[in-house]
Number of protein chains: 2
Amino acid sequence: MAHAAPKTQPVKTAAFPGVGHDHSHCLEDALDHAGQICTDSGARLTALRRRVLELVWSGHRPLGAYDILTALKTERRNAAPPTVYRALEFLLQQGLVHRIECLNAFVGCPDPDTPHGGQFLICRDCGLSAELNDDTVDQAIRNSAAQAGFTIARKVIEIEGQCPNCQKAEM
Amino acid sequence: MAHAAPKTQPVKTAAFPGVGHDHSHCLEDALDHAGQICTDSGARLTALRRRVLELVWSGHRPLGAYDILTALKTERRNAAPPTVYRALEFLLQQGLVHRIECLNAFVGCPDPDTPHGGQFLICRDCGLSAELNDDTVDQAIRNSAAQAGFTIARKVIEIEGQCPNCQKAEM
DNA sequence: CCTTTAAATGATATAATATAACATTATACA
DNA sequence: TGTATAATGTTATATTATATCATTTAAAGG
């Protein structure tokens with residue numbers, strides 16, 4: 001039966017990067033976007049900042065500032081904590097990276113064109129994160145805050161658990 | 001016109017503790033709850049743990065571990081970081097306090113009877129936090145995660161902004 | 001082009017948050 | 001009461017983040 005069981009189709013996992021996805025494309029894309037955004041806004045994407053962005057984008061795994069620093073030091077002997085934190089601060093301001101509070105870590109934003117808070121799924125097994133932007137979630141929160149008479153400045157939405165790939169791997 | 005303008009009624013601010021609320025009641029309530037919960041589960045709410053819980057409940061403002069330590073040291077000269085972190089770990093496990101990731105701080109749970117993640121409104125002006133548990137938000141997130149094939153272990157939902165009291169104060 | 005000014009980076013020190021590891025004391029319970 | 005386990009004491013150190021001042025680089029106007 002060639003065209004049997006549609007129920008055995010793999011679960012849709014759009015949000016998480018596939019195991020064999022072409023990451024060089026993600027990286028190029030992120031750098032191109034960053035260049036464009038900074039050109040448009042007049043912000044200066046210096047070599048250092050660009051390099052830190054590349055390091056953040058070395059994968060879809062949120063990286064700690066000191067992880068980035070360690071990598072950076074192999075190229076710039078004089079890199080120090082402020083070197084990294086300043087670059088990250090810039091990248092955060094430009095919306096090019098997000099900070100993951102529950103990990104004290106940073107991850108590239110796949111869609112930096114429109115400012116947004118970001119909703120994150122974070123896998124405890126493999127460490128990968130995926131950014132959602134579900135408007136239903138957003139609206140529910142806006143409603144809830146409005147009912148309490150609260151004015152929102154920033155939303156931290158970080159969901160820890162197990163990603164589809166790691167669920168499969170367990171079986 | 002004695003019964004004019006209903007539109008001038010104060011905004012409903014149920015979630016945030018009123019300026020003059022009877023906090024001693026909050027505190028007693030929390031301690032009673034804690035005693036009950038630990039008795040039921042067989043967990044040991046020692047004097048130290050109970051005292052740390054009291055300190056966390058000294059207000060509705062999330063406190064850092066070292067804030068708690070400073071307070072604790074006035075009574076126990078030998079208190080050290082592990083003293084506080086261990087007590088907090090216990091209290092977190094029992095669901096008696098929550099950790100606010102974006103502040104590296106801890107706040108008492110007003111409703112520890114049923115385990116829950118907690119959704120927080122955090123005022124940047126006065127530092128107070130209010131815990132929501134809006135099922136609409138919760139469901140939206142569960143849906144969103146399910147669509148991505150993601151299994152949820154823990155949710156971090158922290159909304160920073162301005163509380164109703166501080167909005168009024170600005171006028 | 002030069003100068004002035006602002007922005008970015010270098011460099012050093014230290015603050016703030018959190019945990020590891022082992023010793024000692026208290027509690028439960030057989 | 002003795003023994004095992006849990007809790008706490010104690011010291012050291014890891015991890016994350018920022019303050020401060022010096023130096024270099026880039027931008028903008030004359």
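FYI, side chains are in, hydrogens and waters are out, and symmetry mates aren't considered; it's all heavy atoms of this structure. Residue numbering restarts at 1 for every chain, and letters A, B, ... go by the order of the sequence lines. Bear in mind the structure is a predicted one, so any value in this text is a computation, not a measurement.
Scanning all heavy atoms of the two residues, the minimum distance from Leu132(B) to Ala15(B) falls at CD2-CB, 4.0 Å. Nearest heavy atoms, Pro62(A) versus Gly127(A): CD-O, 3.3 Å. Listed here is the closest heavy atom pair of Leu63(B) and Val56(B): CD1-CA, 4.4 Å.
The separation between Arg50(A) atom CZ and dT9(C) atom C1' is 19 Å, rounded to whole Å. Leu45(A) places its CG atom 10 Å from the P atom of dT9(C), with the value rounded to the nearest Å. Rounded to a whole Å, the CZ atom of Phe90(B) is 14 Å from the C1' atom of dT8(D). The CG-P distance, from Leu88(B) to dT8(D), rounds to 12 Å in whole Å. Atom pair Leu48(A):CG and dG10(C):P shows a separation of 6 Å (rounding to whole Å applied). Arg49(A) has its CZ atom 12 Å from the P atom of dA26(D), to the nearest Å.
Looking at Gln162(A), its side chain never comes within 3.5 Å of a backbone N or O of Ile152(B) through a donor-acceptor pair.
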Do Gln36(A) and Asp40(A) pass the side-chain hydrogen bond (donor to acceptor under 3.5 Å, both in side chains) test, and can you show the C-alpha distance, the side-chain angles, and the key distance before you say yes or no?
CA-CA 6 Å; Gln36(A) 196 60 58; Asp40(A) 290 357; 3.3 Å; yes

Applying side chain to side chain contact (heavy atoms under 4.5 Å, CB included) to Lys155(B) and Glu158(A), what does each step give before you reach the verdict?
CA-CA 6 Å; Lys155(B) 304 193 225 28; Glu158(A) 298 170 357; over 6 Å; no

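Judged purely by distance below 3.5 Å, without hydrogens or angles, the side chains of Gln167(B) and Asn165(B) never pair a donor atom with an acceptor atom. For the residue pair His21(B) and His23(B), a side-chain donor N or O sits within less than 3.5 Å of a side-chain acceptor on the partner.
Taking the six-membered ring wherever Trp is involved, the centroid distance between the rings of Phe106(B) and His98(B) does not fall below 6.0 Å.
Residues of residues 68-80 of chain B having a heavy atom closer than 4.0 Å to DNA chain D, listed by number: Arg76(B), Asn78(B), Ala80(B).
Electrostatic pairing of Arg51(A) and Glu54(A) counts as a salt bridge here, judged by a charged N lying under 4.0 Å from a carboxylate O.
Summary of helix geometry: the two end axes of the helix from dC1(C)-dG30(D) to dA30(C)-dT1(D), each defined by five base pairs via their C1' atoms, are inclined to each other by 30° (rounded to 10°).
A sub-4.0 Å separation between OP1 or OP2 of dT9(C) and a side-chain N or O of Thr46(A) is present.
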Using a cut-off of 4.0 Å between protein heavy atoms and nucleotide atoms, how would you tag nucleotides 16-30 of chain C 5' to 3' with B, S and -?
-BBBBB-----S---

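Below 30°, between 30° and 60°, or above 60°: for Phe16(A) and Phe150(B) the angle between ring planes is below 30°, a parallel geometry.
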